[in-house]
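Shown next, in structure tokens, is the structure this report addresses.
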Amino acid sequence: MRSTISSILALASLVRSTYTPAYGVYTLTERVLGEGFYDSFNFENIPDPTHGRVTYVDRPTAQNLNLTYATNDVFILRADDTTILNPSNTGRNSVRIRSNNSYYEHVVVFDAIWETEGSDWPASGEIDILEGVNNLVPNQSTLHTSHNCSMPSDIAQSGTFKTTNCDVSVADNVGCAVKLTKDPNSFGPEFNNNGGGRYAMERTSRHIKVWFWARSDPFVPLDISSGAPIIDPMYWGTPAAHFVNTECDFQSHFGGNNIIINLAFCGDWAGDAAVYGASGCPLDCETYVDNYPSAFTNAYFEISSMNIYIWMPQGMR
């Protein structure tokens, strides 16, 4: 991923198991590489749900404008970087893709998103795995839910809770957000300069965990770095973000989610005057987006792979 005004990698997976362990071994059920993203995802030509200065285009338009392209092992998703917009335009052309499959309890590993089910949001919840704006670091992993869901602040994780109430109706939908304070290379220019990294998310009925490993991290678990067909998160160490069900019933707050990957500009978070001003960006957000297309040349996702795993009962190992 390269820098952008607002970038979200949203992962939503729907593979239900009859029993979700506190710990367990998972087996690979889906691997998406390069051109495979065109088969596994659909392009959403819809108004931006976050009210951004962006126009999401369909697949033919995205390919014709070179906003997406792929090789056998890399998928690129980017935004327009040549057009000066006038106020009557709906926004800068960009791409929003949603996985064809949706998922419940699972592990997802991607080498470089947020998870939600849009039709009844926020009833089925949203999991933001990789989320950031205006090159502000570090990455922020966040849950957004309906009422009566919060997190204890004293939890085993390397990140730091910024907010603990996940309810979208509270504090302008900030959600319960964990900043990856021990991982300054998890987003923005330093993420890019270090060659990116790997994110993994485990969702069970008891917890939701997010891990991040920088590209050069010597402690990346072997089952992650090798793309192994069987993985065991119990040996991955302390997660960067750790959400538990002690004050939030995950079964009622999270349904089947789809994986969403998109690049947006301005909008409810990135375009907020205080947030935008704190980033040091010039002018106001929409004026900048309209008039400086070359600023977005490096606004893109470059994804090598996405692996999805489900829990495997002991008798089937």
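Worth knowing before you read on, the calculation uses all heavy atoms, side chains too, and leaves out hydrogens, waters and symmetry mates.
You'll find the ring centres of Phe265 and Phe296 inside the 6.0 Å limit. Centroid-to-centroid, the aromatic rings of Tyr288 and Tyr292 come within less than 6.0 Å.
Between the side chain of Asp81 and the backbone N or O of Ala295, no donor-acceptor pair lies under 3.5 Å. Remark: the backbone N or O of Cys248 is not paired with any side-chain donor or acceptor of Asn245 at under 3.5 angstrom. Using a distance-only test at 3.5 Å, with no hydrogens or angles considered, a donor-acceptor pair links the side chain of Thr163 to the main chain of Gly175. Of the possible donor and acceptor atoms, one in the side chain of Asp284 sits under 3.5 Å from a partner among the backbone N and O of Thr287. Of the possible donor and acceptor atoms, one in the side chain of Asp167 sits under 3.5 Å from a partner among the backbone N and O of Ser169. Without hydrogens or angle criteria, Thr204 side chain to Arg206 main chain gives a donor-acceptor distance under 3.5 Å. A distance-only check finds no donor-acceptor pair linking the side chain of Asp183 to the backbone of Ala240 [under 3.5 Å]. A distance-only check finds a donor-acceptor pair linking the side chain of Ser94 to the backbone of Leu263 [under 3.5 Å]. A distance-only check finds a donor-acceptor pair linking the side chain of Ser99 to the backbone of Asn101 [under 3.5 Å]. In this structure, the side chain of His242 does not engage the main chain of Ser158 through any donor-acceptor pair within 3.5 Å.
When the shell of 6.0 Å around CG of Asn66 is examined, it contains more than 12 heavy atoms from other residues, nucleotides or ligands. Within a 6.0 Å sphere centred on CG of Asp217, other residues, nucleotides and ligands contribute more than 12 heavy atoms.
Note on Phe43 and Met306: same hydrophobic cluster, where clusters join Ile, Leu, Val, Met, Phe, Trp and Tyr whose side-chain heavy atoms are under 4.5 Å apart, directly or indirectly. Linking Ile, Leu, Val, Met, Phe, Trp and Tyr residues whenever their side-chain heavy atoms come within less than 4.5 Å leaves Leu85 and Tyr276 in two separate clusters. Under the 4.5 Å side-chain heavy-atom criterion for grouping Ile, Leu, Val, Met, Phe, Trp and Tyr, Tyr26 is connected to Trp236 within one hydrophobic cluster. Residues Leu33 and Val107 are members of separate hydrophobic clusters, defined by side-chain heavy-atom contacts under 4.5 angstrom among Ile, Leu, Val, Met, Phe, Trp and Tyr.
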Inset, instruction - Assess whether side-chain contact (heavy atoms from CB on, under 4.5 Å) is satisfied between Met151 and Glu247, documenting all intermediate values. - result: CA-CA 6 Å; Met151 293 295 133; Glu247 299 174 21; over 6 Å; no
Legend entry - Worked verdict on Tyr38 versus Thr68 for side-chain hydrogen bond (donor to acceptor under 3.5 Å, both in side chains): CA-CA 9 Å; Tyr38 287 117; Thr68 62; 3.1 Å; yes
Inset, instruction - Would you sort out whether Arg92 and Val289 count as a side-chain contact (heavy atoms from CB on, under 4.5 Å), showing the intermediate values? - result: CA-CA 7 Å; Arg92 184 162 301 286; Val289 169; 4.0 Å; yes
Inset, instruction - Could you give me the CA-CA distance, side-chain angles and deciding distance for Ile155 and Val244, then say whether side-chain contact (heavy atoms from CB on, under 4.5 Å) is met? - result: CA-CA 8 Å; Ile155 196 74; Val244 295; 3.5 Å; yes
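Between the side chains of Thr181 and Thr160, at least one donor N or O lies within less than 3.5 Å of an accepting N or O. No side-chain N or O of Thr61 forms a donor-acceptor pair with one of Asn64 less than 3.5 Å apart. No hydrogens or angles considered: a donor-acceptor pair under 3.5 Å links the side chains of Tyr56 and Asn262.
For Glu44, the salt bridge (Lys or Arg N to Asp or Glu O under 4.0 Å) test picks out Arg96, Arg98, with sequence neighbours left out.
For the side-chain hydrogen bond (donor to acceptor under 3.5 Å, both in side chains) criterion with Thr55, the lone passing option out of Asn89, Thr90, Asn45, Asp80 is Thr90.
The stretch residues 155-247 participates, sequence neighbours left out, in these disulfide (SG to SG under 2.5 Å) pairs: Cys166-Cys176.
Using cut-offs of 30° and 60° on the angle between ring planes, the pair Trp211 and Trp213 is parallel. Using cut-offs of 30° and 60° on the angle between ring planes, the pair Phe75 and Phe37 is parallel.
When all heavy atoms of Ile127 and Phe254 are compared, the closest pair comes out as CG1-CE2, 3.8 Å. Listed here is the closest heavy atom pair of Val174 and His144: O-CE1, 3.5 Å. Here the closest heavy-atom approach between residue Ser186 and residue Asn139 is recorded as OG-N, 3.0 Å. Across all non-hydrogen atoms, the minimal contact from Ala270 to Cys266 is CB-O, 3.4 Å. Between Pro184 and Pro138 the shortest heavy-atom distance is CA-CB, 4.4 Å. What you find for Arg215 and Asn194 is that their closest heavy atoms are CB-O, 3.2 Å.
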